[in-house]
Structures are given as structure tokens and as C-alpha cells.
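Read through the structure below, which is laid out as C-alpha cells, and then see the notes.
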Number of protein chains: 2
Amino acid sequence: MKPKLNDVAKLAGVSATTVSRVINNHGYLSSQTKEKVFAAMRELHYQPNNMARSLQGKNTRLIGVIFSDISNPFFGEMVSRIEKILFAKNYKVILCNSADDPQKERDYLQMLMANQVDGIIAGAHNLGIEEYQQYGLPIISFDRYLSDNIPIVSSDNYQGGWLATQTLHQAGATNVAIFTGKSHAGSPTNGRREGYEAYLTAQQLTPHVHELPFELTPALKMMEIKTIMTQHQYDGIFCSDDLTALLVLNVARQLSLTVPEQLRVVGYDGTALIRDYHSELTTVEQPLADISTLLVSLLLQRIEDANCTLESKYTLPVNLIKGLTA
Amino acid sequence: MKPKLNDVAKLAGVSATTVSRVINNHGYLSSQTKEKVFAAMRELHYQPNNMARSLQGKNTRLIGVIFSDISNPFFGEMVSRIEKILFAKNYKVILCNSADDPQKERDYLQMLMANQVDGIIAGAHNLGIEEYQQYGLPIISFDRYLSDNIPIVSSDNYQGGWLATQTLHQAGATNVAIFTGKSHAGSPTNGRREGYEAYLTAQQLTPHVHELPFELTPALKMMEIKTIMTQHQYDGIFCSDDLTALLVLNVARQLSLTVPEQLRVVGYDGTALIRDYHSELTTVEQPLADISTLLVSLLLQRIEDANCTLESKYTLPVNLIKGLTA
DNA sequence: ACCAATATGTCAATCGTTTGACATTTTTAT
DNA sequence: ATAAAAATGTCAAACGATTGACATATTGGT
């Protein structure tokens with residue numbers, strides 16, 4: 001069996017209490033004793049049992065991270081960053097892919113509770129507000145309103161939508177469409193669309209909104225896009241995420257539309273993947289590093305002091321990455 | 001505070017033992033009592049404390065999943081699949097991005113031990129073999145030899161390398177290079193390179209191996225590729241991963257090389273992302289679904305019966321996805 | 001009315017570690 | 001030499017749930 005605290009104590013020739021004190025650096029300890037104990041721990045490859053520790057009320061240092069699906073590069077990069085930051089602070093991540101399934105999300109929440117996580121970073125949002133509220137846990141939300149006492153971190157979607165549309169317009173487009181997801185209440189893409197509409201209205205131009213169902217496979221989405229693009233002669237398209245923008249560029253190629261002359265395209269997100277492998281795409285970059293840092297930092301504040309007052313909303317500025325498509 | 005088993009017992013008007021029995025479905029129980037207890041659990045939003053449970057020797061149902069970085073789409077997709085499969089079997093994933101840093105990998109292993117994970121799926125491999133052996137934990141490795149008693153799941157890298165090269169050759173290429181990572185002992189890319197060399201040798205052609213350092217940023221890698229491609233006039237390039245293939249295609253565009261007429265390109269991995277957004281790329285697809293399923297299934301076998309005999313190596317067939325680049 | 005099966009309760013030990021109370025010994029400073 | 005500080009020990013009660021031993025009560029079937 002795995003070595004326990006008592007085995008270490010025996011090997012080191014000290015009492016169990018002393019070993020515990022060494023581990024927790026508690027009370028008076030001579031450096032010789034410490035060394036003896038550490039040596040014994042090394043020799044036995046001893047690792048204190050975190051389950052037992054957390055029973056005493058110690059933090060588990062586990063954080064639940066819920067996103068819809070990390071195989072989406074945007075979430076993948078974000079979770080990867082969050083994990084790295086948390087690891088540096090000695091926290092571990094329990095990964096939850098909710099797959100946009102409310103029941104799965106609910107199950108995950110319960111599971112996270114059962115595992116005594118210290119807090120949750122929520123980036124998937126299908127559940128009603130109450131479900132998140134009823135657990136008295138520190139929670140920080142990414143990009144969506146959950147409840148009054150759950151702070152939201154997001155980038156400036158409105159500004160991003162405005163910026164994207166402005167970029168298309170200034171690149172010469174006048175007949176500008178937006179391809180976005182279904183507009184859910186509280187959904188982040190709403191802001192992007194509002195920015196888009198506001199800019200066009202300010203320019204006395206007409207918005208053309210196309211909602212592409214979220215569940216569509218990329219192949220189906222592409223067909224849909226092709227249909228839309230043949231029926232309308234847009235000269236500028238703002239896609240509310242970069243992957244959709246790639247599909248639009250593919251379709252443009254199929255339809256022999258020259259980019260950016262006949263068609264201008266702006267995407268959204270600006271992940272490292274897109275910047276590195278699709279530098280041609282003009283896109284609005286969300287500050288993923290800052291978002292991740294802030295999410296973690298707020299959560300840890302809440303964990304350390306449950307009563308600390310946090311803003312209800314943190315909005316980070318976006319940045320336009322100028323490529324060749326607009 | 002969070003409700004405990006005793007609170008449920010009080011509310012339901014039964015003993016703590018009965019509640020525990022209901023939870024674990026142990027011994028005689030009337031359906032009325034069960035209902036009363038469940039009702040009380042619901043009312044209190046009770047979740048049994050997994051820490052306390054696992055102290056009795058119950059499994060934690062936590063699995064450590066170590067990969068170098070899930071922001072790489074290949075690993076992202078793989079971890080996403082693994083997580084989904086494990087969740088369906090009521091296991092949770094502790095996510096570990098080793099970032100190709102041996103020390104981080106070591107820290108992760110210790111952390112996973114401290115958290116009493118039931119097993120580990122290891123897809124990052126920087127540590128010496130001993131380090132994985134010394135923990136008597138069920139471990140399954142993806143694509144790399146760790147130790148005799150740690151089963152390896154991988155796809156047929158040799159066959160994949162052969163297939164890719166054959167595809168380039170049959171598409172008309174005779175001066176065929178391979179772009180691969182640094183060849184580490186036990187590294188999976190070795191097999192791909194061997195398949196590449198074997199095919200060329202069988203065809204009386206000369207292999208040209210270019211090792212691109214793993215750590216390079218994509219931008220630097222692209223420069224390197226450009227240098228290589230201008231110095232040599234290859235008419236076929238086999239990239240040991242798809243992202244590198246995208247860079248090669250970018251460079252080809254910069255150098256005004258027509259694909260596939262002047263230059264044929266074959267990638268490797270065939271993730272959903274590539275299939276969906278770069279269907280033009282000819283690539284060797286690793287059976288990610290099967291690999292993930294097998295990894296999980298073997299691990300759970302080991303967890304359920306530590307002595308069960310498993311093969312030391314499981315090799316799954318690869319599949320050529322014909323695109324337009326070769 | 002009687003035996004068995006079913007249902008529930010009480011009690012206590014256990015899992016591995018932490019922590020406080022208290023006692024004892026050793027070291028250090030004056 | 002002496003008191004304070006430092007170092008270690010013993011003991012036991014937590015933490016929250018599980019589980020076995022055992023007792024008791026309620027059923028149902030015959």
C-alpha cells in the first residue's frame with residue numbers, strides 16, 4: 001500500500017504529529033528534524049492524502065472549469081491558459097465539457113460539488129440562473145450573465161462588433177452582413193451584433209443579420225453559407241467567430257469571389273491558432289491572456305475571502321488584427 | 001455550511017445509517033424510505049462528500065490526463081473525447097498541460113498521487129521511465145514507450161509514414177522530403193519517418209529528412225521552412241503533423257508554387273478541425289475516436305483489476321484522407 | 001399464531017491527516 | 001544559575017461517510 005504519514009514518522013524516528021507539523025510548517029521545528037522527515041518522505045515517495053487533508057477543512061485546491069467543448073480552439077486555448085495559471089498557484093483543474101447540454105452541465109455542477117472544489121470558472125451557459133446560485137460556491141463567469149452575485153468577465157463585444165463592421169466599411173464594403181449564432185438571452189454574441197447594427201445605422205446602412213444554428217456541423221454550415229452568399233450579393237461579411245470566417249473564405253473561393261476586392265471578411269476571436277496559421281484573416285482579437293488571468297484572479301479573491309466585493313462586470317478591450325481579408 | 005449526511009437523516013426522520021444505505025443501495029430498504037431520503041437530499045441540495053467517501057477506500061473516480069498542451073488541436077480533440085467517454089462512465093478528469101516541461105510533468109505526477117487519482121492517461125513524455133514506474137498506479141500511455149508494464153496505445157505510425165510517402169509518390173513526386181520533429185528515443189514520429197524512408201528506399205529514391213525543432217514558434221518554423229524550400233526543389237513534402245503542413249502550404253503560396261502540380265503535400269493527424277476547415281489537405285488520419293476509446297477502456301480494465309493482463313502495445317490502423325494537395 | 005423475510009435503528013470502528021492541549025526535554029541568552 | 005525560548009512528544013478529538021455487528025420492529029405467508 002501507499003505509505004502514510006505514520007510510516008514516514010516511523011522511518012524518520014519521530015512522532016506523527018511532528019511529521020504533520022513539518023508538512024504544514026506549524027509550530028517549532030529544528031532544521032535537522034525537518035531534514036530527517038523530508039528524507040523519509042522522499043525515501044518512501046510519500047504524498048500526503050489530499051482527501052484526508054481536505055476533511056479537516058483544508059481547501060482541496062481543485063477548481064472546476066466548465067466550457068462547452070475544448071476541441072473548439074478558442075476554448076482549448078482559454079482552458080489551456082487557465083490551467084497553466086492555476087497550476088502555477090498550486091490549483092488543479094477538473095475539466096468539464098458541457099457539450100452545450102444543459103443536463104450534462106447540471107450533472108457537472110453536482111459532481112463538482114461532491115468533489116468539494118474550491119470554486120468554478122463557468123464558460124458554458126445553458127442552465128437557468130437559479131441552478132448556479134443555489135450552490136454557495138465562488139463562481140466566475142466568462143462572457144455571460146448568470147446571476148447578480150456572479151461576476152462576469154468578458155471582452156468588449158459591442159466595441160468588437162462596431163470595430164469589425166467599421167473595418168469592413170472602411171475597406172469599401174457597403175452591403176455588409178453579419179453571420180452569428182442564435183441570439184440567446186445574455187449571449188455574448190448579442191453584443192457583437194448590436195455593435196454591428198449600431199455602426200451600420202450610424203452610417204445609414206442596412207444591417208443584414210443571418211443566424212446560423214449553433215448545432216450545425218461545419219459542412220452543413222458551409223452549405224447554408226453558400227446558399228446565403230449566392231442569394232445575396234454581400235461585399236462585406238462579419239463573422240462572429242473565426243471558424244465561420246474560414247468557412248466564408250472557403251465558399252468565396254468556390255464562388256470565385258476575390259477577397260478583399262469583391263468580398264471583405266472579418267472574423268472574431270483571434271486565437272493563437274488563427275494568428276499563426278491564418279494570418280491572412282482580419283479579425284477582432286479577444287485578449288485571451290488577460291481574460292484568463294482575470295478570471296483566475298477574481299476567483300482566487302473570492303475563494304480567499306468569500307465576502308470580498310467584486311464588480312459585477314469586467315469588460316476588457318478588444319484589438320483589431322489587420323490581415324488581408326478586409 | 002453544506003448539508004451533511006446527518007442533516008439529511010434528521011430531515012428525513014431516519015438514521016444516518018439508513019441514509020448511507022440509501023445512497024449506496026446497501027441492505028434492505030423500503031421504497032417509501034428511499035423516497036423520503038431522496039426528497040430530503042433534494043430539498044437540502046445534498047451532495048455526499050467524495051473526500052470522505054474515498055477515505056473508506058472507495059475510488060475517487062478521478063483520472064489524471066497529462067498532455068503537452070490542449071491548445072494544440074490534436075491534443076484538444078483527444079482530451080475532449082477522453083473526457084466525454086470518462087464522464088459517461090462517471091469518472092472526472094484532472095487536466096494536466098505538461099507544456100513539454102519535465103519538471104512540470106513530475107510535479108503533476110506527484111499532485112495526481114496526492115489527489116488519489118484512480119489512474120492516469122499519459123500523452124506527454126519527457127520523464128525517464130523510472131518516474132512513471134515508481135508509482136504503483138494504473139497508467140496507459142499514448143504513443144510512447146514508458147515502461148514494460150505500461151501499455152501503449154498508438155496508431156500505426158510506420159504504416160502512416162509509408163502511406164503518406166506512397167501517396168506523394170503516386171501523385172507524381174520523386175524528390176520527396178519529410179518535415180518532422182526532433183527524433184527522440186521512443187518518439188512516435190520516428191515510426192512515421194521510418195515508414196517514409198522504407199517506402200522511398202523500396203522505390204530506389206533518396207530520403208531527405210528535415211528536423212524542425214519542436215519549440216519553434218509557428219512564425220519561426222515558417223521561416224525555416226521557407227529557407228529549406230528555396231534551397232531544395234522538392235516536389236513532395238510529407239509533414240509529420242497537419243499544422244506544419246499548413247505552414248508549408250502557406251510558404252508554397254508565397255513562393256508561387258502550384259499545389260499539387262509543382263508541389264505535393266501530405267499532412268498527418270487528420271483532426272476534425274483539419275477535416276472541417278482544411279478539406280483540401282491530403283493527410284493521414286489517426287483514428288482519434290478509437291484511440292480515445294481504447295485508452296479509456298484499457299485504463300478502466302486496469303483499475304478494476306490491477307492484475308489483468310494487457311498487451312504491451314496496441315496499434316490501430318490509420319486512414320488516408322484524400323484531399324487536393326496530393 | 002409462528003417463522004422468515006424485510007425494514008430500520010444503535011453503536012462503534014475505520015479511513016489518513018490535522019490540530020489543540022499539555023507535558024517534557026533541550027538549547028540559548030543573560 | 002536560571003528563566004525563557006525552542007524542540008519534540010503523547011493523546012485525543014475532530015473531519016464526513018461507510019460498514020459490520022447486533023438488536024428490534026414490522027410485514028406477509030401459511
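Quick note on labels: first sequence line is chain A, next is B, and so on, each numbered from 1.
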* Lys/Arg N to Asp/Glu carboxylate O, B/E215 vs B/K182, below 4.0 Å -> no
* **Whole angstrom value for the distance that separates C1' of D/dA25 from CG of B/L29** => 16 Å
* **From C/dA7, D/dG9, C/dT14, nucleotide with atom closest to A/V14 side chain** => D/dG9
* Assign B/T17 to base, sugar-phosphate, or nothing according to its heavy-atom contacts below 4.0 angstrom with the strands shown. => base
* Starting from P on D/dG16, measure out to NZ on A/K58 and report it in whole angstrom. => 15 Å
* **Contact nearer the 5' end of DNA chain C, comparing A/H26 with A/L55** => A/L55
* To do: Report the nucleotide, chosen from C/dA7, C/dT19, D/dT19, that has the shortest atom-to-atom distance to any side-chain atom of A/S20.
  => C/dT19
* Is the phosphate of C/dC15, meaning OP1 or OP2, less than 4.0 Å from a side-chain N or O of B/S54? -> no
* Using whole Å, report how far CE of A/M51 lies from C1' of C/dT14. => 18 Å
* Pick base, sugar-phosphate or nothing for A/V19, based on heavy-atom distances below 4.0 Å to the nucleic acid. => nothing
* Between A/M113 (CE) and D/dG16 (C1'), how many Å, whole number? -> 15 Å
* Asked: Which part of the nucleic acid, if any, lies within contact of B/T18, taking any heavy atom under 4.0 Å across all strands shown: a base, the sugar-phosphate backbone alone, or nothing?
  -> sugar-phosphate
* For C/dT6, take OP1 and OP2 only and decide whether either is under 4.0 Å from a side-chain N or O of B/Y28. => yes
* **Phosphate-side-chain proximity, B/Y46 and D/dG16, N/O vs OP1/OP2 below 4.0 Å** => no
* **DNA chain C: 5'-proximal contact among B/K34 and B/Q56 (nearest heavy atom)** => B/K34
* Asked: Among the nucleotides C/dA7, D/dA7, C/dT18, which one has an atom lying closest to any side-chain atom of B/T33?
  -> C/dA7
* Asked: Would you call A/K2-A/D7 a salt bridge at under 4.0 Å N-O?
  -> no
* Test item: B/N24 side-chain N/O and B/S20 main-chain N/O as donor-acceptor pair under 3.5 Å -> yes
* **Phosphate OP1/OP2 of D/dA17: any B/N49 side-chain N/O under 4.0 Å** => no
* **B/R53 side chain near D/dA17 phosphate (N/O to OP1/OP2, under 4.0 Å)** => no
* Structure fact -> Of the listed D/dT10, D/dT18, C/dG9, the closest approach to the A/S15 side chain comes from D/dT10
* To do: Round to the nearest Å and state the distance from B/N50 atom CG to D/dA17 atom P.
  => 10 Å
